[in-house]
Amino acid sequence: MDIKIRDFMDEIKNRNGHEPEFIQAVQEVAETVIPYIAKHKIYNGKNILLRMVEPERLISFRVAWIDDEGEIHVNRGYRIQMNSAIGPYKGGLRFHPSVNASILKFLAFEQVFKNSLTTLPMGGGKGGSDFDPKGKSDDEVMRFCHAFMTELCRHIGPNTDVPAGDIGVGAREIGFLFGMYKKIRNEFTGVLTGKGLSWGGSKIRPEATGYGTVYFAQSMLKTKNETFDGKTVVISGSGNVAQYAAEKVLQLGGKIVTLSDSGGYIYDADGIDAEKLAFVMELKNERRGRISEYTDKYKGSEYHKGKTPWGVKCDIALPCATQNELLVDDAKTLIENGCMCVAEGANMPCDADAVHAFHAAKILFAPGKASNAGGVATSGLEMSQNSLRISWTREEVDERLRDIMEDIHDSCIEYGKEEDGFCNYVKGANIAGFVKVADAMLAQGVI
Ligand SMILES: NC(=O)C1=CN([C@@H]2O[C@H](COP(=O)(O)OP(=O)(O)OC[C@H]3O[C@@H](n4cnc5c(N)ncnc54)[C@H](OP(=O)(O)O)[C@@H]3O)[C@@H](O)[C@H]2O)C=CC1
Ligand SMILES: O=C(O)CCC(=O)C(=O)O
């Protein structure tokens, strides 16, 4: 390893030794950005990357709430305000029992680069809680969200920090959070994105992360004169991102054979068509059930308990569930089975060794900070519509989303194309994202 990268990472590990996900995310950026800094004098001696890995502010707070039986619970709430060089902090809230400072710092760090890539004026942030919405009643979720917002509201605002959804935070949670913000602050502003359409939400925001991931993969495939038409696609997850990635794949003529949740994956050799996908959406979004129930309804399908879907033969893989869900052996299996393209719908679903394996095999691989940026980009469009007090049509938003995903793809090619013509999208995304933020930080001085 380059000595500069090793020294830098030693310092990061010393300061954040107990935060493995954060270290993993920083290492991936350091490997590509430090050599770039070394070649570009304006960044020399400015410790820009060291400044970027330190959150501008890390807020942690108690969230006390009462369940339906009258019992009092205490969860931990967070907001990481990572970098505001190019705009207000922007990024989702995650409610999941695994949430801790390491996971939120990795997500906030990735968000800085991702938001920069969108070309929109958004800084990076992330937040959430170790609260688990699974198995809770709507009233319990409401009481938790209200309690969470009574503290968070002092740290956010439409020009300061604009949260949105992530794992465990969807339309229901955004509604409860928005309601409490509005009550406490007595103002109706675009302080959250992913809002309902009748109260300030943008058309296409629910679809945007999944659609954007597929648009990005479409651009990658185009570089090889390929399309989704007739391709077999393996998707993990069955939440927001997976559902709408699946919807777009179907529209483009692909055949989806898997979906998953934290319990396991389902395999449907006949393909998950629009009718079956509608069943999954109702199962997950309304009944909040388990993906295993798919096999009760569709008899020829299989459920693989406790397994991930990467052993299923496919042309394209879209990991859309969570971090580190695709490891090096999974990557090798995908490559051996002839997979030509992997685009991350989730944040950091492939671990570092898996990514190195994809690169060594020279297959198309897109990191989430590029391929799943359509969600936050459409959140940026929601902020613009809120500021203008107008609402764009579905077609207008979708066209802007497509343009943004194409621009991100172009930026990755600009900074990531290597001498033999292979595009290292990780390098491309990291450098393109870095340049815009670093230039703004240089202009604003040491703060
Ligand atoms: N929503 C958005 O706009 C954006 C989301 N992302 C990223 O996409 C990914 C999915 O988010 P989203 O779809 O919104 O979240 P959802 O909560 O809607 O769905 C998450 C899905 O991932 C599964 N999952 C969660 N944890 C695990 C785990 N430890 N192992 C296996 N499966 C798991 C869930 O299964 P189960 O129900 O069993 O928990 C569920 O199927 C995350 O990485 C998120 O950060 C990225 C950009 C934007
Ligand atoms: O829409 C947003 O602000 C956040 C999306 C998000 O959390 C992400 O891109 O990971």
Side-chain angles (χ1 to χ4, degrees), residues 21 80 87-99 103-104 106-115 117-118 120 122-128 132-135 161-174 190-195 201-202 204-213 235-246 259-266 280-281 283-285 288-292 306-309 318-326 344-350 367-383:
E21 293 87 1
I80 318 276
Y89 308 105
K90 181 85 194 86
L93 296 171
R94 176 176 292 192
F95 292 169
H96 193 270
S98 65
V99 161
I103 288 180
L104 293 181
F106 115 65
L107 290 164
F109 182 65
E110 296 264 301
Q111 199 80 45
V112 173
F113 291 79
K114 183 191 305 191
N115 294 3
L117 284 169
T118 65
L120 302 174
M122 300 182 289
K126 200 88 185 188
D132 187 0
K134 263 197 221 102
D161 184 349
V162 183
D166 189 77
I167 290 178
V169 178
R172 174 183 62 170
E173 289 75 16
I174 293 292
V191 67
L192 291 158
T193 57
K195 300 185 289 299
S202 173
I204 302 279
R205 176 61 189 90
E207 294 90 339
T209 310
Y211 279 17
T213 301
I235 298 181
S236 66
S238 49
N240 172 268
V241 181
Q243 290 172 17
Y244 287 105
L259 287 171
S260 72
D261 63 20
S262 54
Y265 78 90
I266 55 111
V280 171
M281 288 184 175
L283 169 71
K284 284 290 171 181
N285 307 344
R288 300 183 191 273
R290 309 306 300 157
I291 199 67
S292 55
K307 298 262 183 342
T308 50
L318 304 176
C320 295
T322 194
Q323 65 274 357
N324 293 328
E325 56 161 316
L326 195 163
E344 293 186 333
N347 286 307
M348 209 168 72
C350 303
K369 59 170 81 80
S371 46
N372 74 33
V376 74
T378 307
S379 278
L381 300 178
E382 182 169 326
M383 289 165 72

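Counting starts at 1 for both ligands and their atoms, in listed order.
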[atom]: the protein heavy-atom neighbour that sits closest, reported with distance to 0.1 Å:
atom                    : value
atom 27 (C) of ligand 1 : T322 CG2, 3.6 Å
atom 31 (C) of ligand 1 : S262 CA, 3.5 Å
atom 47 (C) of ligand 1 : T209 CG2, 3.5 Å
atom 1 (O) of ligand 2  : S379 OG, 2.5 Å
atom 7 (O) of ligand 2  : K126 NZ, 2.6 Å

Atoms in ligand 1 with a heavy atom of [X] nearer than 4.0 Å:
X    : value
H96  : 26 (N)
R94  : 42 (C), 43 (O), 44 (C), 45 (O)
K134 : 36 (P), 37 (O), 38 (O), 39 (O)
G237 : 41 (O)

Measuring from the heavy atoms of [X], does anything fall under 4.0 Å of ligand 1?
X    : result
S260 : yes
R205 : yes
S238 : yes

Determine whether [X] and [Y] make a side-chain contact, defined as any pair of heavy atoms from C-beta on separated by less than 4.5 Å.
X    : Y    : result
T378 : S202 : yes
K126 : N347 : yes
T308 : L326 : no
K369 : F109 : no
R172 : R288 : yes
N372 : V241 : no
S262 : H96  : no
D161 : P163 : yes

Heavy-atom donor-acceptor pair, [X] side chain to [Y] backbone, under 3.5 Å:
X    : Y    : result
T213 : S371 : yes
Q243 : S238 : yes
R205 : G375 : yes

Relative to [atom], which among [options] owns the nearest non-hydrogen atom?
atom                    : options                : value
atom 46 (C) of ligand 1 : L259, V241, T308, N347 : N347
atom 21 (C) of ligand 1 : G212, G165, G239       : G239
atom 10 (C) of ligand 1 : A242, A321, A346       : A321
atom 15 (O) of ligand 1 : V169, N285, T378, I167 : I167

With backbone taken as N, CA, C and O and side chain as the heavy atoms from C-beta onward, which portion of [X] lies under 4.0 Å from ligand 1: side chain, backbone, both, or neither?
X    : value
D261 : both
Q243 : neither
E325 : neither
C320 : backbone
R290 : side chain

Heavy-atom contacts under 4.0 Å between [X] and ligand 2: side chain, backbone, both, or neither?
X    : result
E110 : neither
R94  : neither
N347 : side chain

For a quick test of reading the model, state the closest non-hydrogen atom pair linking [X] to [Y] and the distance between them.
X    : Y    : result
K90  : N115 : O-ND2, 3.1 Å
E173 : P133 : OE2-CB, 4.5 Å
G374 : A208 : O-CB, 3.4 Å
Q111 : G92  : OE1-N, 4.5 Å
I103 : E21  : CG1-CD, 3.7 Å
S379 : A164 : OG-CB, 4.3 Å

Exercise for review: Enter the distance from K284:NZ to N240:CG here, rounded to the nearest 0.5 Å.
Suggested key: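 If we round to the nearest 0.5 Å, K284:NZ and N240:CG are 13.0 Å apart.
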
Going by the order shown, which atoms of ligand 2 are within less than 4.0 Å of some heavy atom of [X]?
X    : result
G91  : 3 (O), 4 (C)
G92  : 4 (C), 6 (C), 7 (O)
G165 : 7 (O)
K114 : 8 (C), 9 (O), 10 (O)

Review point. For ligand 2, is there an N or O atom under 3.5 Å from any N or O atom of A164?
Key: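 No, since none of the N or O atoms of A164 sits under 3.5 Å from an N or O of ligand 2.
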
Exercise for review: Give yes if a backbone or side-chain nitrogen or oxygen of K90 is under 3.5 Å from a nitrogen or oxygen of ligand 2, and no if not.
Suggested key: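 N/O-N/O distance below 3.5 Å exists for this pair.
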
Say whether [X], considering both its backbone and side-chain N or O atoms, lies within less than 3.5 Å of an N or O atom on ligand 1.
X    : value
G168 : yes
N372 : no
Q323 : no

Check your understanding: Contact between R205 and ligand 2, counting heavy atoms under 4.0 Å?
Key ->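 Yes.
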
